[in-house]
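None of the values given here were measured: they were computed from a predicted structure.
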Amino acid sequence: MPNAKLKHYLHLHFLVIIAGFTAILGELITIGAIELVWYRMAMAGILMFIYIKVVQVNIKITKTSLLQFSAAGVIIALHWITFFEAINQANVSIALAMFSSGAFFASFIEPLIFKRRILGYEIIFGIIVILGVYLITSSEMGYINGIILGLLSALFSTLFAVINGLFITKHNATVISFYEFVSGVLFLTVFILCTGKTFNAEFFTLSNSDWVYLFILASVCTAYAFIGSVDIMRYISPFTVILSYNLEPVYGIAIALALFPETEKMSPQFYIGAILVLMTVLFDAIFKNYKRQKRKSNSITN
């Protein structure tokens, strides 16, 4: 039994490393961020559809749900575009450090959507995150465009995570993702056409390495990672899964430093700021779990 548990924990951290590796692929793929996200969502959508057919998932939904999933799909597309463009404008370390500030946005977005009051410690943690982001920004002003795009990416990420938190109570996670991927592709298709570009032979002419990296991104880092993260919750508590995924920037930055030491080496002030943000995110998750457990124990005793 302990060995089985260890196997699931190792699988979880493998999934987190895969999530961190997404940024590495963004650095390696040579096409623009919009085209990259179009390919990612299109290929992942096809793979998800194959999975749906294999396991025979019912994908029938109402028109209202379709509209809701479509809106979420646009937000996901915007999140990925700003994330990969942050890498293009700065580097992997900046993009991931800014991405980790998503918990700060969640502290204010969640109360609005779920209609609960903002907790005192969330405000304190929010101030610490702002301090961490300030340290990063002030030490790396040459990457200001990447920093702004990274923060926008974190905001969009938090928005769709909170929205999906509402969807998941009524719908299958695979169905939600499938429709979000499809709507994201449709949105990006219209956007690309409106910019005057066409889906001609040149659009689909990529280097062999780009095709390989895109397939890995769509299959391993998107379709498989999503299905795996949902499945792992059958064996490990959601809190442990969420807490572990907060380590994604740590793994990603470490991999980036190993692969791209010339472009990824940052100032000491950057790492101090990044550590502040990451530690705050971890403590926020621990506090939330403590509060949840306390409420459970109180309800049992009462």
Side-chain angles (χ1 to χ4, degrees), residues 13-41 43-44 78-102 129 132-157 206-222 224-225 244-279 281-282:
H13 281 277
F14 177 64
L15 291 170
V16 178
I17 290 170
I18 287 173
F21 197 72
T22 299
I24 306 301
L25 291 171
E27 177 73 16
L28 293 170
I29 295 169
T30 60
I31 59 177
I34 294 172
E35 291 83 359
L36 189 160
V37 176
W38 186 91
Y39 274 106
R40 180 183 189 177
M41 298 190 88
M43 293 168 76
L78 291 172
H79 155 58
W80 281 339
I81 289 169
T82 49
F83 179 72
F84 288 119
E85 190 57 32
I87 294 171
N88 292 338
Q89 295 286 332
N91 58 27
V92 173
S93 297
I94 289 287
L96 286 172
M98 294 300 99
F99 176 71
S100 64
S101 67
V129 167
V133 171
Y134 170 76
L135 287 172
I136 293 168
T137 306
S138 61
S139 66
E140 307 295 341
M141 285 303 291
Y143 295 125
I144 189 64
N145 289 342
I147 288 169
I148 292 169
L149 285 165
L151 288 171
L152 282 173
S153 175
L155 176 60
F156 288 131
S157 172
L206 306 178
S207 67
N208 289 336
S209 60
D210 277 349
W211 278 117
V212 171
Y213 294 143
L214 281 167
F215 181 75
I216 294 170
L217 179 65
S219 59
V220 179
C221 298
T222 307
Y224 163 72
S244 298
Y245 266 93
N246 285 330
L247 295 172
E248 175 189 340
V250 177
Y251 289 139
I253 291 172
I255 297 169
L257 274 170
L259 295 179
F260 317 113
E262 304 85 8
T263 58
E264 294 296 329
K265 195 171 182 180
M266 312 298 289
S267 67
Q269 195 170 320
F270 165 85
Y271 293 109
I272 293 170
I275 289 169
L276 266 179
V277 173
L278 289 166
M279 291 304 294
V281 169
L282 290 172

For this session: State, yes or no, whether a side-chain contact exists between Leu217 and Tyr39 at a heavy-atom distance under 4.5 Å.
Result: no

Exercise. To the nearest 0.5 Å, what is the distance between CG (Leu276) and CG (Leu135)?
Worked result: 6.5 Å

Exercise. With no hydrogens and no angle check, is any side-chain donor or acceptor of Ser219 less than 3.5 Å from a backbone partner on Phe215?
Worked result: yes

For this session: Kindly say whether Leu78 contributes a backbone atom to a donor-acceptor pair with the side chain of Thr82 at under 3.5 angstrom?
Result: yes

Exercise. Mind checking whether Leu214 and Leu25 have side chains closer than 4.5 Å, heavy atoms only?
Worked result: no

Exercise. Of the non-hydrogen atoms in Gly252 and Ile24, which two are nearest, and what is the gap between them?
Worked result: O-CD1, 3.9 Å

Exercise. Got a second to check how far Ile31's CD1 is from Tyr213's OH, nearest 0.5 Å?
Worked result: 13.0 Å

For this session: Would you mind reporting whether Tyr224 and Leu15 have side-chain heavy atoms less than 4.5 Å apart?
Result: yes

For this session: Would you confirm whether Thr222, through its side chain, and Ala44, through its main-chain N or O, come within 3.5 Å as a donor-acceptor pair?
Result: no

Exercise. Can you find a heavy atom in the side chain of Leu149 that is under 4.5 Å from one in the side chain of Phe83?
Worked result: no

For this session: Would you indicate whether the side-chain heavy atoms of Ser153 and Phe156 approach each other to under 4.5 Å?
Result: no

Exercise. Can you find a pair of side-chain heavy atoms, one from Leu259 and one from Val92, that are under 4.5 Å apart?
Worked result: no

Problem set entry | Tyr143 vs Asn91 side-chain heavy atoms within contact, under 4.5 Å | yes

Problem set entry | CD1-CD1 distance between Ile275 and Ile272, expressed to the nearest 0.5 angstrom | 7.5 Å

For this session: Starting from the C-alpha separation in whole Å, work towards a yes-or-no answer on side-chain hydrogen bond (donor to acceptor under 3.5 Å, both in side chains) for Asp210 and Thr30.
Result: CA-CA 7 Å; Asp210 277 349; Thr30 60; 2.4 Å; yes

For this session: Write out all pairs satisfying side chain to side chain donor-acceptor pair (under 3.5 Å) with one or both partners inside residues 249-258, taking only residues at least two apart or from two chains.
Result: His13-Tyr251

For this session: Identify the heavy atoms of Ala86 and Ala95 that sit nearest to each other, and give their distance.
Result: CB-CB, 4.0 Å

Exercise. Of all heavy-atom pairs between Met266 and Ser93, which one has the smallest distance, and what is that distance?
Worked result: CG-CB, 4.2 Å

For this session: Could you grab the distance from atom OG1 of Thr263 to atom CD1 of Ile94, nearest 0.5 Å is fine?
Result: 11.5 Å

Exercise. Which atom names give the shortest non-hydrogen contact between Leu96 and Ile253, and what distance separates them?
Worked result: CD1-N, 3.6 Å

For this session: Supply the atom-to-atom distance Ile18 CD1 to Ile216 CD1, rounded to the nearest 0.5 angstrom.
Result: 11.0 Å

Seminar exercise, completed: Closest non-hydrogen contact found for Arg40 with Cys221 is NH2-O, 3.7 Å

Exercise. Does some side-chain heavy atom of Val250 sit less than 4.5 Å from a side-chain heavy atom of Val16?
Worked result: no

Exercise. What about the rings of Phe84 and His79, do their centers lie closer together than 6.0 Å?
Worked result: no

Problem set entry | Atom pair CG (Leu152) and CD (Glu85), whose distance is rounded to the nearest 0.5 Å | 11.5 Å

Exercise. Quick one: does Gln89's side chain have a donor or acceptor within less than 3.5 Å of a partner on Asn145's backbone?
Worked result: no

Seminar exercise, completed: Between Ser157 and Phe99, the two heavy atoms sitting closest are OG-CE1, 3.5 Å

